[in-house]
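Remember, it's 1-based here, ligands and their atoms both numbered in the order they're listed.
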Amino acid sequence: MKIRTGRLEKEMTDEAAVYTSSLDFDRFIFDADIQCNYAHTSMLKAQGIIDGDIADKILEALDKLAEEGFDALEFDHSVEDVHMAVENYVTKLVGPDAGFMHTAKSRNDQVATDIRLLLRERINEIEIGILEFIEGIIDLAKDHKESVMIGYTHLQHAQPVTIAHHLMAHAQSLKRDYQRFADTYKRVNLNPLGSAAMATTSFPIDRELTTELLGFDGYLENSMDGVSSRDFIAETVFDLTALCTTLSKICEELVLWSTYEFGIVTMADEYSSTSSIMPQKKNPDVAEVARSKCAIVNGELVTILTILKALPYTYNRDLQEITPHLWNAIDVAYDTLKIVNHMLLTVTFNTERCLELAGANFATATDLADIMVRECKLPFRTAHKIVGRIVNEATAEGLEPAKITSEYVDNVAIELGFEKLELDNDLIQRALDPLENVKIRNVPGGPSPEMVQLAMNNMNQFLDDEFERLGI
Ligand code: ARG
């Protein structure tokens with residue numbers, strides 16, 4: 001059956017047909033389209049809008065098509081999209097009565113429904129992927145609660161933390177990425193079916209029934225909005241960009257950390273490459289590629305927003321061009337999520353090097369200033385000045401933090417016009433010890449092993465709740 005034979009006298013040119021076709025990416029919504037037709041036809045039957053026997057024949061044909069799969073569809077250029085191809089298939093089996101399937105339905109509400117049906121599944125997959133990644137991170141972190149490493153600001157040594165604390169920072173970020181999807185899901189899982197072309201129908205359809213049959217949480221309450229809104233797509237793709245931002249930061253870190261200069265991690269061979277000319281090389285190619293693929297997702301978001309911008313109500317064929325960008329963004333983000341997960345969880349932390357970096361370069365200096373505040377009641381700014389000078393002079397003399405004595409501190413204090421502080425040598429050394437430094441940061445959110453354990457417990461609870469909510 002040709003859609004064009006009524007109103008139009010001539011076929012579209014091949015060029016125009018190919019150019020405007022959505023068939024390349026309609027393959028993804030094939031199952032959803034059958035589901036949508038199935039629910040709609042069942043509803044038409046239940047409402048007595050179409051004859052029960054005809055409805056049963058249509059449903060049978062849809063079942064058969066579901067079994068045979070997408071390749072059972074026939075395409076020529078008169079077939080604009082998957083919706084027409086499905087209808088043609090049913091027509092071949094049922095005859096002209098198949099046309100009743102399209103009563104009170106338009107491809108406009110149908111495609112919006114199909115996309116939402118598939119998208120909610122894809123969101124679920126990503127949600128599960130994120131939860132599994134967080135689970136893996138906790139597992140890796142739990143053995144590193146006392147493994148001290150350096151934390152950076154401005155990519156300069158800042159203060160000691162632990163490997164566990166750093167890893168759990170990524171877990172927190174992933175948790176928010178997850179929550180964004182969970183929230184978006186609520187707006188995705190709504191039923192546009194029944195909006196028809198844009199103004200519903202005069203047939204007494206039952207939108208609650210199709211909503212229930214399709215497992216939606218509710219239906220869209222305005223038919224014009226139902227067929228034309230795609231903000232749920234833009235929102236999902238933004239969520240993907242946020243996730244990819246988290247992932248790209250992990251990749252960037254692995255690239256840096258695996259350098260000779262940092263020496264913090266050794267990447268697994270399985271996620272490394274070598275050079276065709278330099279035999280000594282071990283390159284973090286997977287992290288680099290993942291880091292760059294995140295840009296694709298950002299690009300898809302901009303493309304989608306740009307298509308949507310200033311579109312007049314209601315359905316415009318422009319909307320069709322959004323869909324492939326959605327699926328591509330999801331594919332890229334999902335694959336990146338998986339590979340970054342596997343890559344991060346197979347690195348080896350070089351804990352000795354981590355400790356060495358944490359103790360070097362006066363990264364513990366804040367604590368030296370803190371004990372001056374505590375023990376000598378100095379204002380923090382004064383202590384900051386004295387310690388800054390200590391670091392300056394010690395660095396110039398090549399003096400290690402472990403060599404700083406009470407006398408050294410006092411000489412600097414006097415030089416700057418302050419009184420002697422007469423700090424205990426032990427106290428100074430403890431303040432400058434990276435592990436001590438970490439342990440006394442025992443406040444919520446802090447890197448002390450106790451606080452990191454608490455954060456892990458909370459995160460585990462979150463995982464349990466969410467796995468249960470998703471029925472895993
Ligand atoms: N392929 C179209 C899309 O993805 C289906 C809807 C076509 N509707 C229309 N009025 N031409 O949006």
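- Listed for the Arg207 side chain is a donor-acceptor partner under 3.5 Å among the backbone atoms of Asn191.
- Nearest protein heavy-atom neighbour of atom 5 (C) of ligand 1: Asp81 OD2, 3.4 Å.
- Residue Arg317 has no nitrogen or oxygen atom sitting less than 3.5 Å from a nitrogen or oxygen atom of ligand 1, judged on distance alone.
- In this structure, Asn108 counts as a contact residue of ligand 1, since one of its heavy atoms falls inside 4.0 Å of the ligand.
- Less than 6.0 angstrom separates the ring centroid of Phe262 from the ring centroid of Tyr152.
- Of the listed options Glu321, His83, Gln320, Met198, Gln320 places a heavy atom closest to atom 1 (N) of ligand 1.
- Using a non-hydrogen distance threshold of 4.0 Å, Thr323 does not register as a contact of ligand 1.
- One distance of note links CD of Gln156 with CG of Asn361; it measures 8.0 Å at 0.5 Å rounding.
- If you check which protein heavy atom lies closest to atom 11 (N) of ligand 1, you get Arg107 NH2, 3.5 Å.
- Side-chain atoms of Asp109 come within 3.5 Å of backbone atoms of Ser106 as a donor-acceptor pair (strictly under, hydrogens ignored).
- Ring centroid separation for the pair Phe232 and Tyr185 does not come in under the 6.0 Å cut-off.
- Within the listing of ligand 1, atoms 1 (N) sit less than 4.0 angstrom from a heavy atom of Ser22.
- Proximity to Val111 (heavy-atom distance under 4.0 Å) selects the following atoms of ligand 1: 3 (C), 4 (O), 12 (O).
- Scanning the protein for heavy atoms near atom 12 (O) of ligand 1, the closest one is Tyr315 OH, 2.4 Å.
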